J.: 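Handing you a structure now.
Scope of the values below: all heavy atoms of this structure, side chains included, with no hydrogens, waters or symmetry mates. These numbers were taken from a predicted model, which means no experiment stands behind them.
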Amino acid sequence: MFDEYNCETKPQNSLILQEHGSWNIPSLFGILLGYPVVYWDGVGDETPSNCLSMVPLSVHKVESGLNHSNMTKVNTGITVFSFSTPADLQQSFQDRIDTWYDDIKFKVTSNPIFSGFDCSQSTVCLPTVAL
């Protein structure tokens with residue numbers, strides 16, 4: 001799926017992705033963005049819905065404000081990251097999620113463009129889940 005790309009005109013740590021028709025693009029984005037939990041929704045299945053409909057989901061959000069010289073300061077409310085996990089599996093991934101939160105908190109609070117940091121978790125149950 002991933003091929004290492006090593007050429008004098010490109011950085012040594014680059015990857016070339018050769019797309020495959022059955023790839024789940026939202027899952028791929030989750031991997032590339034470094035989310036702590038990524039799951040597959042069954043792309044290519046004959047049914048148009050997915051198995052997350054009416055399943056309790058834990059929604060994790062990282063919010064911050066923006067502090068930029070050309071912008072009005074916004075203290076909170078800008079969603080920087082958001083992802084979900086099935087609520088039944090929350091405890092299985094809690095250590096990984098906590099470590100991810102700590103890493104993101106360090107990155108956000110050490111970047112002067114952001115002001116403030118808030119992470120939250122809520123549970124939702126939706127009739128339709130779009131990935």
J.: Tell me whether Phe106 is reachable from Ile113 by hopping between hydrophobic residues (I, L, V, M, F, W, Y) whose side-chain heavy atoms are closer than 4.5 Å.
T.: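 Each belongs to a different hydrophobic cluster.
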J.: Please report the closest heavy-atom contact between Ser27 and Val38, naming both atoms and the distance.
T.: O-CG1, 3.3 Å
J.: Lys61 and side chain to side chain contact (heavy atoms under 4.5 Å, CB included): which single residue from Ser84, Ser120, Ser122 fits?
T.: Ser120
J.: Once you round to the nearest 0.5 Å, how far does CD of Gln94 lie from OG1 of Thr85?
T.: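 So the gap between those two atoms works out to 8.5 Å.
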J.: With the side chain counted from C-beta on, respond yes when Val62 and Trp100 share a heavy-atom pair under 4.5 Å apart, and no when they do not.
T.: yes
J.: Between the side chain of Ser53 and the main-chain N/O of Pro127, is any donor-acceptor distance below 3.5 Å?
T.: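 Answer holds: yes.
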J.: My understanding is that only residues two or more places apart in sequence, or in another chain, count here; which of them pass side chain to side chain contact (heavy atoms under 4.5 Å, CB included) with Val108?
T.: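 Side chain to side chain contact (heavy atoms under 4.5 Å, CB included) check on Val108 returns Ser64, Ile104, Phe114, Phe117.
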J.: Kindly compute the distance separating OG1 (Thr123) from CG (Leu57), expressed to the nearest 0.5 Å.
T.: 8.5 Å
J.: Going only through I, L, V, M, F, W and Y residues with side-chain contacts under 4.5 Å, is there a path from Val59 to Met54?
T.: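 As far as the 4.5 Å side-chain criterion goes, Met54 and Val59 are not connected within one cluster.
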J.: Quick check: closest heavy atoms across Pro36 and Arg96, and the distance to 0.1 Å?
T.: O-CD, 2.6 Å
J.: Measure the CG-CG distance between Asn111 and Leu66 for me, rounded to the nearest 0.5 Å.
T.: 10.0 Å
J.: For Phe29, which residues count as a side chain to side chain contact (heavy atoms under 4.5 Å, CB included) partner, sequence neighbours excluded?
T.: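 Side chain to side chain contact (heavy atoms under 4.5 Å, CB included) check on Phe29 returns Ile25.
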J.: If you define the side chain from C-beta out and look only at heavy atoms, does anything of Asp88 sit under 4.5 Å from Pro56?
T.: no
J.: Give me the ring orientation class for His60 and Phe83: parallel if the planes are under 30° apart, tilted from 30 to 60°, perpendicular past 60°.
T.: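 It falls in the parallel class, under 30°.
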